[in-house]
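Working notes, structure below.
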Protein chains: 4
Amino acid sequence: MKSDTKDSALKRLARIEGQVRGVSRMIDEDRYCIDVVRQVQAIKAALSGLEKVVLDDHLKTCVDRALTSNDLKDRREKVEELVAVLGGRKK
Amino acid sequence: MKSDTKDSALKRLARIEGQVRGVSRMIDEDRYCIDVVRQVQAIKAALSGLEKVVLDDHLKTCVDRALTSNDLKDRREKVEELVAVLGGRKK
Amino acid sequence: MKSDTKDSALKRLARIEGQVRGVSRMIDEDRYCIDVVRQVQAIKAALSGLEKVVLDDHLKTCVDRALTSNDLKDRREKVEELVAVLGGRKK
Amino acid sequence: MKSDTKDSALKRLARIEGQVRGVSRMIDEDRYCIDVVRQVQAIKAALSGLEKVVLDDHLKTCVDRALTSNDLKDRREKVEELVAVLGGRKK
């Protein structure tokens, strides 16, 4: 992972951790269910953003390195992995 | 929210907070991007599970209370909110 | 269903039927897989649009009728059905 | 596209076309909105199945051909296209 991707990912994760703790607080304080659900959805959106950042970096580094290499097995593996993990994004 | 839903939600959130910290650690240790993405997807799945628990409780308590009440405005509001928040689940 | 919703839904469906036939033609003519997949995704988006039109009408007619009625069983049934079908939208 | 994938895709499309016409009929006959929506969701699921069949074939033919070729530009293009179209599956 490139160093600025790493920084950006860690900052996003710190924010997400704060959001998760915020939801625990909301539940402790008996806040309205719908507001809790909306906040949980916001965290999922933040995680999808993080996922995109990590995948974009992966495409530009590991996958491109495999594509430019002479190792056919590695190229195939990288593409299969990618397809599997992008399939998982639908969930 | 019912007291056992509250307990279950708080336990799930504690676990999710641990998972988020785990992803920060993975990034710190330069773990493979695809493994990071898979872990992020697992957290999103855990949040969807939490969302379901909170929504099921909301249906059985607040929404049902509104449906059995004589307050038409409240019934409509509860249903509109529900439709909006369930629409958000697709994201 | 209101009569203008019905018209709009039938027009959308005629267009969607044409799009489905178009995909068969693309496959017959050995068109590029990625273009086929993009067209299939466009049809799914058109169906989601139709779904929204039908659901919005349903909310304004059947669901609202149940909410304003004195029949608690009907109110509950309508809301349960709605939650189930909105859950299905995620797929 | 391989010949048996083509056959399977065309059969699926014929069925889907019938399902789309069925929904028009349901609307003509003023069938219950929720049943219409469920049927529309079933068509979307059938289209997702078709999408998967076409993409699997694409991976085994075009993408693998690019990966085994010496054309780096083609390899990159095929992977970029794939990522874009798999991103579209979330919708």
Side-chain angles (χ1 to χ4, degrees), chain A residues 1 5-28 30-59 61-63 77-78 81-82 84-91, chain B residues 1 5-28 30-59 61-63 77-78 81-82 84-91:
Chain A
M1 218 181 267
T5 307
K6 222 168 135 166
D7 287 350
S8 152
L10 288 172
K11 262 180 216 155
R12 283 167 187 265
L13 281 160
R15 232 176 358 243
I16 288 165
E17 203 189 314
Q19 286 177 297
V20 173
R21 264 201 298 268
V23 174
S24 297
R25 215 155 36 230
M26 288 174 87
I27 288 177
D28 261 334
D30 292 309
R31 294 276 293 278
Y32 187 44
C33 315
I34 293 289
D35 295 333
V36 172
V37 171
R38 277 195 197 118
Q39 192 52 25
V40 172
Q41 292 179 342
I43 302 176
K44 278 161 70 182
L47 286 165
S48 295
L50 170 66
E51 220 182 314
K52 202 180 156 356
V53 165
V54 177
L55 274 172
D56 283 349
D57 186 282
H58 179 64
L59 283 170
T61 56
C62 313
V63 175
E77 261 176 32
K78 286 285 171 300
E81 253 176 17
L82 203 59
V85 94
L86 287 170
R89 291 208 70 188
K90 283 172 295 166
K91 274 174 224 164
Chain B
M1 219 181 269
T5 308
K6 222 168 134 167
D7 287 351
S8 152
L10 289 172
K11 261 180 217 157
R12 283 167 186 264
L13 281 160
R15 233 174 0 241
I16 289 166
E17 202 188 314
Q19 286 176 297
V20 173
R21 264 200 300 268
V23 174
S24 296
R25 218 154 35 229
M26 288 174 86
I27 289 176
D28 261 333
D30 291 308
R31 294 274 294 279
Y32 187 44
C33 316
I34 292 288
D35 295 332
V36 172
V37 171
R38 277 195 196 118
Q39 191 51 25
V40 172
Q41 292 178 343
I43 302 176
K44 279 161 68 183
L47 286 165
S48 295
L50 170 66
E51 220 182 314
K52 203 180 156 354
V53 165
V54 177
L55 274 172
D56 283 349
D57 186 283
H58 179 63
L59 283 170
T61 58
C62 313
V63 175
E77 261 176 32
K78 286 287 170 299
E81 256 178 14
L82 203 60
V85 95
L86 287 170
R89 291 207 69 189
K90 284 173 295 166
K91 273 174 223 164

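Order of the sequence lines sets the chain letters (A, B, ...), proteins ahead of strands, with each chain counted from 1.
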Requested in this report: Search all heavy atoms of B:Val63 against all heavy atoms of B:Leu59 and return the closest pair with its distance.
Outcome: CB-O, 3.7 Å

Query raised in the report: Closest approach of A:Val53 and A:Ser8, non-hydrogen atoms and distance?
Result: CG1-OG, 4.1 Å

**Report entry** Among the listed options B:Val54, B:Ile27, B:Thr5, the residue most often paired with chain A at heavy-atom distances under 4.5 Å
**Finding:**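 Between B:Val54, B:Ile27, B:Thr5, the count favours B:Ile27.
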
**Report entry** chain A contacts, top residue of B:Val36, B:Ile43, B:Leu82, B:Leu10 (heavy-atom pairs, under 4.5 Å)
**Finding:**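 Of B:Val36, B:Ile43, B:Leu82, B:Leu10, B:Leu10 has the most heavy-atom pairs under 4.5 Å with chain A.
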
Query - Pair A:Asp56 + A:Lys52: basic N to acidic O under 4.0 Å - result: yes

Name the option with the most non-hydrogen atom pairs under 4.5 Å to chain B; the candidates are [options].
options: A:Thr61, A:Asp30, A:Asp57, A:Leu50; value: A:Asp30
options: A:Cys62, A:Ala9, A:Ser24; value: A:Ser24
options: A:Met1, A:Arg12, A:Lys6, A:Arg38; value: A:Lys6

Under 3.5 Å, side-chain donor or acceptor atoms of residues 13-23 of chain A against the rest of the protein: list the pairs with distances, not counting sequence neighbours.
residue, atom, partner, partner atom, Å
A:Glu17, OE2, A:Arg21, NH1, 3.1
A:Glu17, OE2, B:Arg21, NH1, 3.1
A:Arg21, NH1, B:Glu17, OE2, 3.1

Query - B:Lys78, part contacting chain A, at a heavy-atom distance under 4.5 Å - result: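 Just the side chain, heavy atoms under 4.5 Å.
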
Query - Contacts of B:Asp28 that satisfy side chain to side chain donor-acceptor pair (under 3.5 Å) - sequence neighbours left out - result: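 Side chain to side chain donor-acceptor pair (under 3.5 Å) check on B:Asp28 returns nothing, list empty.
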
